[in-house]
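A quick write-up on the structure given underneath.
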Amino acid sequence: MKKILFLFAFTFLFCKANAQDGQIQIETQNTALILKVGKNGLLYQSYLGTKLKDNSGYTAVSKESTKTFVINDGNPLVNLRHQAYPTYGTENLFEPAIRMTHNDGNPSLELNYVSHSTQKIDANTAETIIKLKDPAYPVEVALHYKAFYNENTIEQWTEIVHHEKKPVMLYNYASSMLHFDADKYWLTQFHGDWAKEVRMQESELTSGTKVIDSKLGVRTNMYQTPVFFLSLNAKANENSGELVAGTIAWSGNFKFAFELDNKNSLRISSGINPFASEYNLQPGKVFTTPSFIYTFSNKGKGQASRNLHSWAKKYGVKDGEKSRLTLLNNWETTFFNFDEKKLTDMFADSKTLGVDMFLLDDGWFGNKYPRSGDKSGLGDWQATKTKLPNGIGFLMQEAEKTGVKFGIWIEPEMVNPKSELYEKHPDWVLKLPNRAESYYRTQLVLDLCNPQVQDFVFKTVDDIMQTNSGVAFFKWDCNRMMTNAYSTYLKNQQSHLFIEYTQGLYKVLDRIKTKYPNLPMMLCAGGGGRTDYGLLKYFTEFWASDNTDPFNRVFIQWGYSQFFPAFSICNHVTSWGNQSIKFKTDVAMMGKLGFDINVKELKEKELKYCQDAVANYKRLSPVIWHGDLYRIISPYEESRAVLMYVNESKSKAVLFSYTLHPLYDPQYNAVRLQGLDPNKTYKVEEINLMPEAKKSLEESGESFTGDYLMNVGLRVSSSKVETSVVLEITEL
């Protein structure tokens, strides 16, 4: 099998250019990226893989050398083939990272190395910038690499600027281009639709180009989630294999292109989807691409996920190291049919249940066109007087008296044609001239390219926050994609629409985050239509799916767990599915727990179970939210799922086991636990039991060494359909 020469890289605190060979060396704890400047002045990726013990080994030496790293004629350290940021119009025969047309009509670009530098941001983070320039035209490109040493994760993005007399047209503007040489490549992608998000699908790449992209404008993750695993040489599993895990921090149209060439080399370009998005770049204006975030693992998908989770906790998700609020939502209890009494009674239900907050969902706003369904009122963000005569301020006060926090649902980017907002500002809506309006869920998209619309959306949040003490939480929804989209504000630059809309949304969220830095918000888009790190820096969590059937949720939550930490994935106990309240709650506890049920309809034992489960969750949430995740048995491979979280000191762990739809008497084997300290002794206790129920784990209450638990294991899986076991594992 051919030795892998292009695996992956990160940057950390070290970047030097060898005066003789133009080498740029970038490293983290475990991996290295080596870029080299060729004799032709172009920049190449020459090594991408596991960090060598001897740094001098990256320098090409002869076969007679006594050094440990010996090259041969086929070694890419000598034969530079892969341009780090290839252009269009000269000698490149494959997908370019950048393509533009100059003022004189010349469609070519060439980028020569100019300089590079590294800035230490803090003890864990450094940013390397490599500057490139066209020798014939005043066009400059800066490649940025921000590396996170301990998390083994890197952000890579690009800045493009020119100084020609008139605007140039950008056609391609990738965030990154990575190169690999292996025998085979296996791509794991995550696709879906409403109520069936992030379904994993793995396939071997063949010659040509495989594209994963979105053209939806908003709610862009509805069909394809902007994440992937790329395994090298063979399929990686949870604990073995070499792979790259990648995602894009962009909330608009995205594109990943995997191009396998005639020499079996693979290049991956990532970034904004350039489809219908030619960009007219003004002189002196910097075009900045979103970050491509990626990590390399030579210990399987599990380690790649843990790398990204650690990065997200510190750098990727708003308040990632802080606690989250458990909640009770009113939607499935009341839908649009509620009044003040129904809601205030549910405040007491929240307190009885033991959760932190009550969340008021859709249907609280609109007066000329009251929000009694999804056909009216959207855009008129004033409390409906017939439902809430005392306004939301009264609800805030009553919730505070009850001892729970108060949160609220909004969908501020959207509007119903049947609304006062639409009557006053029809020009604020994205719609094609000379075409019929195109509705989805009987609503239209507001034009966030327009600064006036940005002000309106910010004011929607600000007005609510200025009411009494303000709300404790927002659920920010987005229930449709763009169709028949045209911006009156952009006039003759309609190809800027998809980019300017996303940047306009970020501008609004920057203002909200600046004024209300500690405000938690849930990101929602008709389920998981927006799950990306571009928005998560403004949101504390996201709604994974409107499908809350716990059987389906195991698969959905399993998919999201590959790239997102548990504290960011919102899971609610609802009326969906016919499973027991225990199974529903145990599944929801895998991430960020919430409830959307009629508490008054719970039987006495069910209520007692829920109260105990909430108390257990609050006690164990630091382990679930911030511990290392080990996915032990996949629901894609067996009729059960088993996973566990282990805290940093390996003193506490929580294990979840879900039996799904097994064949008759499946005879499950013992499960070997992972992530524990083999030299420590642990007490294993089954928790989350229904009142008076017997424990299903015979060993509950007994003690074992970590070595025993990881090499012998426990029989944690029941053979009964849709049953669950939760274990608390504590160091003695």
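For the numbers below, each heavy atom of this structure counts, side chains included, while hydrogens, waters and symmetry mates do not.
Side chains of Asn547 and Glu197: no donor on one and acceptor on the other come within 3.5 Å. Side chain to side chain, Ser214 and Thr220 fail the donor-acceptor criterion of an N or O pair below 3.5 Å. A donor and an acceptor atom, one from each side chain of Ser291 and Glu155, are located under 3.5 Å apart.
Contact record, Pro290 with Ala249: CB-O, 3.4 Å, taken as the closest heavy-atom pair. The shortest non-hydrogen separation linking Pro226 to Thr247 is O-OG1, 2.7 Å. The minimum heavy-atom distance between Lys537 and Gly534, with the atom names listed, is CG-O, 3.6 Å. Here the shortest heavy-atom pairing between Leu266 and Leu260 reads CD1-N, 4.0 Å. When all heavy atoms of Lys285 and Leu281 are compared, the closest pair comes out as O-CD1, 3.4 Å. For Arg306 against Asp628, the heavy-atom pair with the smallest separation is CD-CB, 3.7 Å.
Atom CD of Glu413 and atom CG of Leu430 lie 10.5 Å apart (nearest 0.5 Å). With values rounded to the nearest 0.5 angstrom, Ile24 atom CD1 is found 4.0 Å from Ile130 atom CD1. Atom CG of residue Leu308 and atom CG of residue Leu629 lie 12.0 Å apart, to the nearest 0.5 angstrom. One finds the CD1 atom of Ile160 at 5.0 Å from the CG atom of Leu170 (value rounded to the nearest 0.5 Å). Atoms OH and CD, from Tyr185 and Glu204 in turn, are 11.0 Å apart once rounded to the nearest 0.5 Å. Atoms CD and CD, on Gln201 and Gln189 in that order, are 5.0 Å from each other to the nearest 0.5 Å.
Screening residues 84-97 for side-chain hydrogen bond (donor to acceptor under 3.5 Å, both in side chains), with sequence neighbours left out, gives no hits. Residues in residues 213-233 take part in these salt bridge (Lys or Arg N to Asp or Glu O under 4.0 Å) pairs, two or more places apart or across chains: Asp213-Lys215. Listed by first and then second residue, the salt bridge (Lys or Arg N to Asp or Glu O under 4.0 Å) pairs that reach into residues 223-239 are Glu238-Arg631, sequence neighbours excluded.
Between the side chain of Asn253 and the main chain of Asn273, no donor-acceptor pair closer than 3.5 Å is present. Of the possible polar contacts, one joining the Thr158 side chain to the Ser175 backbone as a donor-acceptor pair under 3.5 Å is found. Using modelled atom types, no side-chain atom of Asn150 and backbone atom of Asn124 make a donor-acceptor pair closer than 3.5 Å. Within the 3.5 Å criterion, the main-chain N or O of Glu259 finds no donor-acceptor partner in the side chain of Thr209. Using modelled atom types, one side-chain atom of His309 and one backbone atom of Ser561 make a donor-acceptor pair closer than 3.5 Å. Judged by distance alone, the side chain of Tyr506 and the main-chain N or O of Ser251 form a donor-acceptor pair under 3.5 Å. Judged by distance alone, with hydrogens and angles left aside, the side-chain atoms of Asp134 form no donor-acceptor pair with the main-chain N or O of Leu111 at under 3.5 Å. Although no hydrogens or angles enter the test, the distance criterion places a donor-acceptor pair under 3.5 Å between the side chain of His496 and the main chain of Asn280. Panel note: side chain Asn264, backbone Ala182; a donor-acceptor pair is recorded below 3.5 Å. At least one donor-acceptor pair closer than 3.5 Å links the side chain of Lys51 to the backbone N or O of Thr28.
Using a 4.5 Å heavy-atom cutoff, the side chains of Phe287 and Ile499 are in contact. No side-chain heavy atom of Val227 sits under 4.5 Å from any side-chain heavy atom of Gln562. Contact annotation: the side chain of Leu42 approaches that of Asn112 to within less than 4.5 Å [non-hydrogen atoms, C-beta and beyond]. Looking only at side-chain heavy atoms (C-beta outward), Ser269 and Met177 come within less than 4.5 Å of each other. Using a 4.5 Å heavy-atom cutoff, the side chains of Gln156 and Leu143 are not in contact. At least one side-chain heavy atom of Asp193 sits under 4.5 Å from a side-chain heavy atom of Tyr223. Side-chain contact between Arg81 and Lys263 is present, with at least one heavy-atom pair separated by less than 4.5 Å. Contact check for His144 versus Glu127: side-chain heavy atoms found under the 4.5 Å cut-off.
Under the 30°/60° scheme for interplanar angles, the aromatic rings of His179 and His82 are found to lie parallel. The aromatic rings of Tyr533 and Trp311 stand perpendicular to each other, their planes meeting at an angle above 60°, with 30° marking the opposite boundary. In this structure, His116 and Tyr113 have tilted ring planes: the angle between them lies in the 30° to 60° band.
Ring-centre distance between Phe254 and Phe256: below the 6.0 Å cut-off. Centroid-to-centroid, the aromatic rings of Tyr279 and Tyr173 stay 6.0 Å apart or farther.
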Pair up each side-chain donor or acceptor in residues 96-104 with any protein partner under 3.5 Å, not counting sequence neighbours, and list the distances.
{"residue": "Arg99", "atom": "NE", "partner": "Asn172", "partner atom": "OD1", "Å": "3.2"}
{"residue": "His102", "atom": "ND1", "partner": "Glu164", "partner atom": "OE2", "Å": "2.5"}
{"residue": "His102", "atom": "NE2", "partner": "Ser108", "partner atom": "O", "Å": "2.7"}
{"residue": "Asn103", "atom": "OD1", "partner": "Lys165", "partner atom": "N", "Å": "3.2"}
{"residue": "Asn103", "atom": "OD1", "partner": "Lys166", "partner atom": "N", "Å": "2.7"}
{"residue": "Asn103", "atom": "ND2", "partner": "Glu164", "partner atom": "OE1", "Å": "3.4"}
{"residue": "Asn103", "atom": "ND2", "partner": "Lys166", "partner atom": "O", "Å": "3.0"}
{"residue": "Asn103", "atom": "ND2", "partner": "Pro167", "partner atom": "O", "Å": "3.0"}
{"residue": "Asp104", "atom": "OD1", "partner": "Asn106", "partner atom": "N", "Å": "3.0"}
{"residue": "Asp104", "atom": "OD1", "partner": "Tyr137", "partner atom": "OH", "Å": "3.4"}
{"residue": "Asp104", "atom": "OD2", "partner": "Tyr137", "partner atom": "OH", "Å": "2.6"}

- Can you check side-chain contact (heavy atoms from CB on, under 4.5 Å) on Lys299 and Asn239, steps first, answer last? CA-CA 5 Å; Lys299 297 180 180 178; Asn239 299 310; over 6 Å; no
- Item | Test log, rule side-chain contact (heavy atoms from CB on, under 4.5 Å), inputs Gln494 and Ser487 | CA-CA 7 Å; Gln494 295 302 312; Ser487 168; 4.0 Å; yes
- Query: What do the steps show when you test Gln29 against Asn152 for side-chain contact (heavy atoms from CB on, under 4.5 Å), and what is the final call?
  - Reply: CA-CA 7 Å; Gln29 189 174 24; Asn152 284 324; 4.0 Å; yes
- Query: Does the side-chain contact (heavy atoms from CB on, under 4.5 Å) test come out yes or no for Phe563 and Thr225, once each step is laid out?
  - Reply: CA-CA 10 Å; Phe563 288 85; Thr225 304; over 6 Å; no
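With sequence neighbours left out, Tyr636 forms a ring pair (Phe, Tyr, Trp, His ring centres under 6.0 Å) with Phe555. With sequence neighbours excluded, the residues forming a ring pair (Phe, Tyr, Trp, His ring centres under 6.0 Å) with Phe258 are Phe228, listed by chain and number.
By the 6.0 Å contact criterion, NZ on Lys133 is enclosed, its count of non-hydrogen atoms from other residues, nucleotides or ligands being greater than 12.
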